[in-house]
Protein chains: 2
Amino acid sequence: MSRPERSLQPQASGIRLRETRAAAIAGGHGIAADLIAVLVAVTHGDPRVLTLQDARALPSGPFELEHRSLQSGLRAWVERQTRHPLGYVEQLYTFADRDRGLGPDQRFISISYLGLTRERVEGVDCAVSWRSWYDHLPWEDRRTGIPPMIESMLLPRLREFAEAAPDLATGHDRLNRIAVTFGLDGRPWNEELVLQRYELMYEAGLIPEARRNRPESEPAPLAGDSMILDHRRILATGIARLRSKIKYHPVVFELMPETFTLLQLQRCVEALAGRLLHKQNFRRLIEQQQLVEETGTLSQETGGRPAKLFRFRRDILTERAIVGTKLPISRS
Amino acid sequence: MSRPERSLQPQASGIRLRETRAAAIAGGHGIAADLIAVLVAVTHGDPRVLTLQDARALPSGPFELEHRSLQSGLRAWVERQTRHPLGYVEQLYTFADRDRGLGPDQRFISISYLGLTRERVEGVDCAVSWRSWYDHLPWEDRRTGIPPMIESMLLPRLREFAEAAPDLATGHDRLNRIAVTFGLDGRPWNEELVLQRYELMYEAGLIPEARRNRPESEPAPLAGDSMILDHRRILATGIARLRSKIKYHPVVFELMPETFTLLQLQRCVEALAGRLLHKQNFRRLIEQQQLVEETGTLSQETGGRPAKLFRFRRDILTERAIVGTKLPISRS
DNA sequence: GACGATATACTCGCTTTGAGTATTACATCA
DNA sequence: TGATGTAATACTCAAAGCGAGTATATCGTC
């Protein structure tokens with residue numbers, strides 16, 4: 001693929017960039033808007049996210065006056081700079097916490113987006129790369145069992161945090177949050193609690209980003225590769241949203257090639273959810289929802305019996321609105 | 001209750017306010033941030049929303065530099081001006097469409113929030129009032145059956161819109177959207193599609209707000225009371241979010257008094273969902289989820305057999321994280 | 001032609017859910 | 001005082017959904 005016109009962000013740190021832009025804002029009442037993207041692809045069974053600055057940052061860019069809307073502004077610079085067709089795009093969250101700004105007179109509003117695409121092999125700037133999101137949040141991947149680092153490292157540190165509580169009630173509360181978010185004491189693991197787990201660890205000081213103004217020379221991050229500012233938090237928000245979304249809306253197909261086998265589809269969902277699925281029941285679910293249709297051809301690359309190739313039935317998106325009711329609605 | 005220090009918005013139109021604020025922004029690159037709130041309460045079985053300017057606007061205010069964060073900014077001015085304790089607050093969506101601004105050099109970013117509270121009888125400015133949200137979106141209330149205005153007015157106008165399509169494919173697509181969003185031809189009604197219905201009607205020209213620069217003297221709104229700018233759209237977004245949320249998170253209780261009967265709780269959910277529920281199954285659902293506990297006292301005000309009074313088990317919020325899985329997760 | 005690997009089909013029991021009927025307990029009024 | 005209206009609560013039952021399998025088919029490879 002061709003080289004982008006300019007790199008997504010200068011090699012200088014994100015902080016530096018912000019200073020430059022802040023200076024461009026006139027007068028005392030400065031508010032500037034940033035767009036931040038969590039761009040996701042699944043390749044070789046790995047959920048990946050597009051990063052910059054050697055995996056230290058998510059792509060971000062200014063929202064400018066000439067943009068028609070936030071979403072079109074995002075599409076504009078992502079597609080221009082990565083030459084990626086951006087399929088599904090969804091707004092995540094808008095932040096404007098005081099500590100994101102630079103001083104009392106400047107303020108950054110950051111609007112984050114989740115985007116789904118397919119990874120392309122590109123000859124882009126090597127600072128731009130696709131990374132497994134589990135590099136940044138390793139405790140979220142339970143496909144090969146519970147990661148040992150949870151028991152060996154996270155939980156001891158989290159329990160210390162609970163014990164260091166100022167009073168008994170807070171301590172109990174912390175222990176309870178640990179147990180709920182990490183599925184302890186017989187509680188089920190809930191893969192959607194990505195943000196809750198991140199926040200708990202942030203409070204417990206396990207996230208290096210939490211310690212402000214720390215010198216660059218400090219020891220390596222405790223748990224997972226860290227990122228600048230709150231980018232890892234935004235990543236966690238994106239993962240949480242996606243893990244929840246795949247359950248009631250057929251967005252997985254945005255991440256799949258045109259045709260695929262059911263096992264490939266399953267592996268993709270497993271990559272996102274961070275846990276393994278029951279094969280036969282997964283097939284039943286997909287088939288009864290009529291989300292896919294056979295192409296008529298077979299894939300020989302399976303190693304065993306050839307698998308039927310399927311394609312997503314795009315018309316299903318308009319045909320019915322897939323939402324689940326949990327209310328006992330009266331039909332009479 | 002005491003009078004607020006100043007009214008939520010000056011009596012001049014919202015547009016006027018924006019001009020004033022825009023002028024306060026220096027230079028050519030002006031971005032200003034607005035906070036807009038959809039404040040919901042349920043009173044006497046009616047879902048209500050706090051409005052200003054004789055129900056023509058939602059409360060909104062500027063996001064200022066001294067605010068700690070967006071959410072605290074919102075809480076600050078809502079609680080100060082309405083003296084309402086704001087329980088549950090959730091971010092809805094951030095807009096910055098070009099036609100929301102005033103010129104090529106100014107831009108408004110609007111961050112909208114959903115807030116749940118309980119209505120209070122207040123001696124406030126009479127321009128501030130609680131209104132049934134069905135005044136603005138009457139087609140959304142199906143508790144007493146399908147509103148006649150759908151068949152008599154909306155559908156004919158929507159079909160006209162479909163027929164006026166530039167080509168056959170677009171026409172088919174429009175008919176399909178009408179059928180899906182309004183549950184025609186045997187399709188089920190889906191109460192969550194509030195925004196989709198609104199947008200369809202907006203495109204069809206059934207929403208007076210869609211026609212810009214129309215003189216104030218024009219005929220009354222076609223369907224539901226209109227609001228300034230895109231406030232009705234934001235209201236629709238809030239309703240949609242809430243209708244979806246009540247199904248997997250116990251937020252209804254934010255709208256209930258301390259103690260309540262199960263029928264009162266049901267009526268509240270029905271008000272939000274815009275449809276009736278099956279009484280016995282509703283009770284079963286509430287009880288098996290252990291969301292409530294008996295207070296031990298009875299309510300005599302039921303008309304028939306006295307009903308047990310319940311209270312929400314607040315501890316459930318931390319005790320478990322209520323989320324539903326739809327993935328066939330393997331347990332072995 | 002056995003073996004390993006994967007795909008696909010089919011089964012079975014348990015739980016959940018939709019849609020009832022039956023019974024209980026109050027207020028009101030003839 | 002007991003018939004009547006109204007609402008609360010208990011209980012039933014069938015169908016659908018879901019978790020967890022077993023069984024069989026079809027390839028490549030040795």
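Given the structure is predicted, the values throughout are model-derived calculations rather than measurements. Order of the sequence lines fixes the chain letters, A, B, ..., with proteins taken first and strands second; residue numbering starts at 1 for each chain.
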Suppose we call a contact any N or O donor and acceptor under 3.5 Å apart; does that hold for the side chain of [X] and the base of [N]?
X	N	answer
A/Arg305	C/dA7	yes
B/Glu287	D/dT9	no
B/Gln288	C/dT15	no

- Item | Close side-chain approach of A/Asn190 to A/Thr181, heavy-atom, < 4.5 Å | no
What is the distance, to the nearest angstrom, from the [atom1] atom on [X] to the [atom2] atom on [N]?
X	N	atom1	atom2	answer
B/Leu309	C/dA25	CG	C1'	16 Å
A/Ile286	C/dA7	CD1	P	15 Å
B/Arg283	C/dG18	CZ	P	17 Å
B/Phe282	D/dT9	CZ	P	13 Å
A/Gln280	C/dA7	CD	P	11 Å
B/His278	D/dC11	NE2	C1'	13 Å
B/Leu265	D/dA7	CG	P	17 Å
B/Ile329	D/dC18	CD1	P	13 Å

Less than 4.0 angstrom from a charged side-chain N to a carboxylate O is my criterion; do [X] and [Y] meet it?
X	Y	value
B/Arg48	B/Glu119	yes
B/Lys308	B/Glu294	yes
B/Arg243	B/Glu192	no

- Find which nucleotide of DNA chain C each of A/Arg284 and A/Phe310 is nearest to by heavy atoms, and output the residue with the more 5' nucleotide. A/Phe310
Indicate, with a heavy-atom threshold strictly under 4.0 Å, whether [X] touches base, sugar-phosphate, or nothing.
X	result
B/Lys308	sugar-phosphate
A/Leu262	nothing
A/Leu298	nothing

- Does A/Lys279 make a side-chain N or O approach to OP1 or OP2 of C/dA7 shorter than 4.0 Å? yes
- Query: Out of D/dA10, C/dT8, C/dT17, which nucleotide sits closest to the side chain of B/Leu285?
  - Reply: C/dT17
- Task: Would you please say whether a donor-acceptor pair under 3.5 Å links the side chains of A/Gln196 and A/Tyr198?
- Result: no
- Take B/Asn281 and B/Gln264, find for each the nucleotide of DNA chain D with the closest heavy atom, and name the residue whose nucleotide sits nearer the 5' end. B/Gln264
